[in-house]
Amino acid sequence: MDRILVTEKIGAEGLAALKEVAEVDVRLDLTPETLLEALPQYDALIVRSQTKVTAKVLAAGTKLRVVGRAGTGVDNIDLAAANQQGILVVNAPASNSIAVAELTIGLMIGLARNIPQAHSALQNGKWERSKYGGWEVRGKTLGLVGFGRIASEVARRARALEMNIIAYDPIINAERAAQLGVTPVTLDELTSRADVISLHIPLIDATRNLFDAQRLSQMKKGSYIINCARGGVIDEEALFEALESGHLGGAALDVFAKEPPTGPIVTHPKAIVLPHLGASTEEAQALTAADVAEGIVDVLAGRSPRYAVNAPFVAPEEWAIVGPYLDLGRKLARLSTQLVDLPAQSYQIVYNGALAGLTSEPIKLAVLQGLLEGGSEGRVTPVNAPFLARERGLTINETHRPDAETYTELLQLVVTTSDGVVHTFGGTVVRGEAHIVQINEFWLDLVPTSSMLFTFHQDRPGFIGRIGTLLGTADINISAMHVGRSSPRGTAIMVLTVDEAIPSETLTDINNQADIERAYSVLL
Ligand code: NAD
Ligand code: MLT
């Protein structure tokens, strides 16, 4: 049974779903050191934002197939290392957008009306009605930096508050912006025009300290800034100075560069600070745990997860068709590496018939995996296959041919060797099962097994019997036989699926038989 390690608290519904398919250990006590010690036993790891999933952690997870981020941001996971090591990362990006958007609106009103400050003064016995006069958000300009899921929900709510909304995002969906009454602007325009700026961007190299001293100084005098995205996108020291000098009217921070934070910003009277509560609603936590659990269960079962961070997405309805072709693509590739003797000069995948109109990227990755895994020492998965392929200069061309000929769906891998000879391996899926139907000019129908004998020979009486006798003498049990030929007594192919691997001396004996061109023992 697969084993899953959960290092931070996640919702009970998600845990229950995980326990149906695997052994689950929730260990909230792990230090970075004990995490390294524990990881080698696990197939999957689930974290929130506190666990730092570094390259070292990923390397310690020698069995790890997937890391689940119970939440949106993946800045605590070394994605480059995950790609390199072939570990899939899944998250739950749609689960907490509403929670964060509602908190953002709450913080904006909190800033406008000094709610936390007035509350705490009163609890300390001070009735300071004149000190805490505020302003209305109606008619003010809200500047959204980043216009993804959370910012769109903030915009929807801010519109109901009758605010003017402007947004900056390098990839903005103009139609969605128009529907939500949001005007796209440049970052500079947003910075200088907004009365309130709210940040909804990931922490990546391009956004680190995006709001540094210079940008903060370009903000309107007396304006406000809210950060419910990630610490690190604002320079906290520069923000402290901007509040201190009176250039900014206030700031609300849910996230910090270092959590828990230690800098002076935490106690600044014009700052509202929260301990990273954006996603902490019952509803968001339940949804997050359910979504991340679904992703982990899918990956462990060999299916495409809905929210893969480092792999292509396939819609569930397409997955029903595409999924089994991953297994077939990988098998065709592994077969080709064992049946083609000369080095390959080029590879081409041909998606025929109904396959031509579907998402082909996952099939291509599975083919790459199959081509690479025979000759690799380390783990090869669809996640690190492109990286390994780039390293070795291996490229694959793809052709989509919607017109179906013999099969309604046919996947072909065409390998051209350095002597210019073209080798074609074709297959299809029947009732969810991979069938190999073409080896070069031969058409057959073979359900591949883990051990097989392939012979290319002249079609002559007695040939099949002789090979059967040799295998019987070596105590190799044949489970099925498939033959194809160009013409009676012409060139032919035979494939025997066998229960045991064929010893090399038996293969040599077979290769020494009359009428044989070449025999191969194939292991898939
Ligand atoms: P999203 O991917 O839907 O949106 C992020 C947007 O930022 C994208 O549209 C992207 O194009 C844009 N972007 C990237 N670089 C940019 C740049 N330099 N300038 C402007 N825009 C840029 O993500 P989301 O679900 O809206 O979440 C946004 C962030 O909020 C997450 O990355 C996460 O770090 C944070 N978050 C925080 C909490 C919390 O508890 N406080 C909860 C969830 C998410
Ligand atoms: C997220 O990115 O989803 C947040 O950091 C929320 C969390 O992990 O609790």
Side-chain angles (χ1 to χ4, degrees), residues 1-8 10-11 13-22 24 42-49 51 53 58 61 63-97 148-149 202 279 284-327 329-330 358-369 379-387 432:
M1 204 179 200
D2 288 324
R3 294 189 67 186
I4 303 173
L5 175 64
V6 182
T7 61
E8 292 175 67
I10 66 162
E13 303 84 342
L15 279 179
L18 294 169
K19 283 179 183 161
E20 278 178 27
V21 300
V24 182
Y42 292 98
D43 303 277
L45 168 69
I46 300 186
V47 302
R48 282 183 65 182
S49 57
T51 311
V53 187
L58 292 165
K63 282 171 67 188
L64 267 191
R65 276 137 69 197
V66 55
V67 173
R69 165 65 168 97
T72 306
V74 284
D75 44 288
N76 56 324
I77 300 173
D78 187 333
L79 286 179
N83 290 346
Q84 208 163 338
Q85 293 176 36
I87 300 170
L88 201 64
V89 177
V90 297
N91 68 346
S95 60
N96 55 27
S97 311
R149 279 176 291 259
Q285 284 311 305
L287 209 55
T288 298
D291 282 358
V292 81
E294 182 189 296
I296 297 278
V297 170
D298 279 343
V299 175
L300 293 180
R303 292 188 294 269
S304 168
R306 185 149 51 129
Y307 300 120
V309 176
N310 56 351
F313 167 76
V314 184
E317 57 280 12
E318 270 197 34
W319 180 253
I321 306 173
V322 169
Y325 278 91
L326 270 57
D327 178 46
R330 187 173 166 196
L358 301 174
T359 314
S360 61
E361 186 65 13
I363 302 177
K364 181 179 166 189
L365 294 178
V367 170
L368 268 183
Q369 180 187 12
R379 161 174 49 192
V380 183
T381 74
V383 175
N384 66 350
F387 174 83

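As the structure is a computational prediction, the values presented were derived from the model and not from experiment.
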Problem set entry | Residues E8, T51; criterion side-chain contact (heavy atoms from CB on, under 4.5 Å); working and verdict | CA-CA 8 Å; E8 292 175 67; T51 311; 2.7 Å; yes

Exercise. Where is the tightest heavy-atom contact between T72 and A92, given as atom of each residue plus distance?
Worked result: OG1-O, 4.1 Å

For this session: Could you tell me whether the side chain of Q369 and the main chain of A385 form a donor-acceptor pair under 3.5 Å?
Result: no

Problem set entry | Side-chain donor/acceptor of N310 to backbone N/O of L88, under 3.5 Å | no

Exercise. Taking atom CD of E317 and atom CG of L358, what is their separation to the nearest 0.5 Å?
Worked result: 10.5 Å

Exercise. For V66 and L300, what are the C-alpha separation, side-chain angles and deciding distance, and is it a side-chain contact (heavy atoms from CB on, under 4.5 Å)?
Worked result: CA-CA 8 Å; V66 55; L300 293 180; 4.3 Å; yes

For this session: Locate the shortest heavy-atom distance separating A289 from G11; write the atom from each residue and the value.
Result: CB-N, 3.3 Å

Exercise. Between CG of L79 and CG of L58, what distance do you get to the nearest 0.5 Å?
Worked result: 9.0 Å

Exercise. Which pair of heavy atoms, one from E361 and one from P312, lies closest together, and at what distance?
Worked result: CG-CG, 3.6 Å

For this session: Identify the heavy atoms of N91 and G71 that sit nearest to each other, and give their distance.
Result: CB-O, 3.4 Å

For this session: For residues Q84 and N384, determine if any side-chain heavy atom of one lies less than 4.5 Å from a side-chain heavy atom of the other.
Result: no

Exercise. Do the side chains of V6 and Y42 get nearer than 4.5 Å, heavy atoms only?
Worked result: no

For this session: Please examine the side chains of D43 and L64, heavy atoms only from C-beta on, and report whether any two atoms are closer than 4.5 Å.
Result: no

Exercise. Side-chain contact, heavy-atom cut-off 4.5 Å: R69 with I77?
Worked result: yes

Exercise. If you look at every heavy atom in E13 and A286, which pair is closest and at what distance?
Worked result: OE2-CB, 3.7 Å

Exercise. Roughly how far apart are N96 CG and T288 OG1, rounded to 0.5 Å?
Worked result: 5.0 Å

Exercise. Can you tell me how far CD1 of I10 sits from CG of L18, rounded to the nearest 0.5 angstrom?
Worked result: 5.5 Å

Problem set entry | Student check: side-chain heavy atoms of V297 and E20 closer than 4.5 Å | no

Exercise. For the residue pair L365 and P386, what are the closest heavy atoms and their distance?
Worked result: CD2-CG, 3.5 Å

Exercise. Is a side-chain N or O of N76 found less than 3.5 angstrom from the main chain of R48, in a donor-acceptor match?
Worked result: yes

Problem set entry | Derivation and outcome, side-chain contact (heavy atoms from CB on, under 4.5 Å), residues I87 and T381 | CA-CA 7 Å; I87 300 170; T381 74; over 6 Å; no

For this session: State the OH-CG distance between Y307 and D298, to the nearest 0.5 angstrom.
Result: 11.5 Å

Exercise. Do the non-hydrogen side-chain atoms of R379 and R65 ever get within less than 4.5 Å of each other?
Worked result: no

